[in-house]
Number of protein chains: 2
Amino acid sequence: MVQKKKTAPALPEADATSAVKRRGRPRAYQPDVALGKALDLFRKDGFAGTSLDDLSAATGMNRPSLYGAFGDKRELYIKSYQRYRDDARAAMVDIFRDELPIRQRLERIYGLALGIYLSGEAGPRGCFTVMTAASEAVFDPEIRGLVLEGFSEFDKAFAGCFRRAMEKGELTTSVDATVLAHLASATIHTIAIRARAQVPRKELEAIVKGAIDVMVGARAK
Amino acid sequence: MVQKKKTAPALPEADATSAVKRRGRPRAYQPDVALGKALDLFRKDGFAGTSLDDLSAATGMNRPSLYGAFGDKRELYIKSYQRYRDDARAAMVDIFRDELPIRQRLERIYGLALGIYLSGEAGPRGCFTVMTAASEAVFDPEIRGLVLEGFSEFDKAFAGCFRRAMEKGELTTSVDATVLAHLASATIHTIAIRARAQVPRKELEAIVKGAIDVMVGARAK
DNA sequence: CTTTTTTTGTACCATTTCGCATTTAATTCC
DNA sequence: GGAATTAAATGCGAAATGGTACAAAAAAAG
């Protein structure tokens, strides 16, 4: 605690504010990093299962600092969730935009999703949106709004994929793109839940493969 | 508290044990009823969100009695979950056994599921299996086992339906029954989760309808 | 060097939590 | 009616929790 980072005489943060020297005692933490740690904890144990002490230990910030930086526990949870969504979106956006054949697009999306859901040192962590939907979203309208936004974001992205595939003649137009999109989201949800219950990756991949086969209209194994 | 049920000189319980008079002070509660109340609470607030005081208030039993009857909180949760599964199974078993056309079977199954997931005075409660998978199943191997059992029970029941439909020539055999079953389960999961986030019934029914259309191979709206 | 500003670190508080020990009540058996 | 048995009711206690008050520390500004 003696030769610390020496505050930040040009710290590599993309923090919009305060590119110049701040006035008082310098922060001993990096907000981004701390938020990432908080997210990890929340994903592992959920809102109720994560105490401020846990968060304090994981971030290295003591409780009053946590408070000052992120607000109370609920606010920290919300910020963590937004961070999660931002990360996921950043990872997905390229794939959703790339002009790959529909099957490959879906394969890449699910591959990425599995990576996210199965990660975690203390066992797979599933999808934070799904976990939040099952818990906090019930009583907290603001959180619920975010979750619904998350669902709809996926639904729309999938629908766009299918619509594009239909335009390109890859897919029959006899099934509505929205219907396929909901099936695609359902597949996301089922693997998220099953991952959380430690269903092995192989099985999840098999589920994904089968779902893709049906969605792209494959009629043979 | 004076003219109570007079213990049980032929109480209408299917309790295997003690059909005859018990020895000491009679119970002031009916285990079945109390367990139902506990289940309601757990479904609403989850394990961590439900305190023993809440359970005590809801069941009318004080904490020591709860303890004596069901064990500690975790055991009570497990018993509640088993009760949930038993109830759901009892409600579903007829439909899964009836020899209806596949589409009608699926419609009835999902209708029932929606009824379960959307019920609850304080908002829809979703599927307890899914909720448990997202929370307790992560760290508790015994609970996880039950949840996996729940998933597999649904998978198998659906697979049986599809297999039967194929035998009867209602469905093409070009898609594996297991694949369709996983899609059917995925649809269960997605409506469970979305219900919990208060997606309106209409939307859920639309998702179900679309999924059924695809699963039974309907190629037109 | 002093003041001002911002953050850290310690300690504390009120509340809630789970679990149990003990006493009191209601019933059957003798 | 008295002993035995079973359950209810009260209440305690130790631990954890979310949140905050307050003083010490580290920097910039004057």
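Just so it is clear, the values below take in all heavy atoms, side chains as well, and ignore hydrogens, waters and symmetry mates. In what follows, chains carry the letters A, B, and so on, assigned in the order in which the sequence lines appear, proteins first and then strands, with residues in each chain numbered from 1.
A:Phe47 has its CZ atom 12 Å from the C1' atom of D:dT17, to the nearest Å. Atom-to-atom, CG of B:Asp53 to P of D:dA9 comes out at 15 Å; the value is rounded to the nearest Å. Nucleotide D:dA21 holds its C1' atom 13 Å from the OH atom of A:Tyr67, rounded to whole Å. One interatomic measurement links the two molecules: CG of A:Leu55 to P of D:dA16, which rounds to 16 Å at whole-angstrom precision. If you measure from atom CZ of A:Arg22 to atom P of C:dT4, you get 20 Å, rounded to the nearest angstrom. Straight-line distance from the CE atom of B:Met61 to the P atom of D:dA9: 10 Å, rounded to whole Å. Across the protein-nucleic acid pair, A:Phe70 atom CZ and D:dG18 atom C1' stand 17 Å apart, rounded to whole Å. Across the protein-nucleic acid pair, A:Leu66 atom CG and C:dT8 atom P stand 10 Å apart, rounded to whole Å.
Across D:dA9, D:dA24, D:dT20, the shortest atom-to-atom separation from the side chain of A:Pro64 is found for D:dT20. Nearest to the side chain of B:Asn62, among D:dA8, C:dT8, D:dT17, sits D:dA8. The side chain of A:Arg63 approaches C:dC12 more closely than any other nucleotide in the set D:dA9, C:dC12, D:dA21. The B:Pro26 side chain lies nearest to C:dA26 when the options are C:dT8, D:dA7, C:dA26.
When each of A:Leu52 and B:Gly60 is assigned the nucleotide of DNA chain D with its nearest heavy atom, B:Gly60 is the one assigned upstream, toward the 5' end. Between B:Ser65 and A:Ser51, the residue whose closest nucleotide on DNA chain D is further toward the 5' end is B:Ser65. Each of B:Asp72 and B:Gly24 has a nearest nucleotide on DNA chain C; the 5'-most of these lies closest to B:Asp72.
For the salt bridge (Lys or Arg N to Asp or Glu O under 4.0 Å) criterion with A:Glu205, the lone passing option out of A:Lys209, A:Lys202, A:Arg201 is A:Arg201.
By the 4.5 Å heavy-atom criterion applied to side chains, A:Arg83 and A:Phe42 are not counted as neighbours. Using a 4.5 Å cut-off on side-chain heavy atoms (C-beta onward), B:Val130 and B:Tyr117 make no contact.
Here B:Tyr77 and B:Tyr84 keep their ring centres 6.0 angstrom or further from each other.
Below the 3.5 angstrom threshold, one finds a donor paired with an acceptor across the side chain of A:Arg23 and the base of C:dT4. In the interface, the side chain of B:Arg27 is not paired with the base of D:dA7 through any donor and acceptor atom under 3.5 Å apart.
Using modelled atom types, one finds no donor on one side chain facing an acceptor on the other under 3.5 Å when comparing A:Tyr67 with A:Arg63.
Looking at heavy-atom distances under 4.0 Å, A:Thr50 makes contact with sugar-phosphate atoms alone, never a base.
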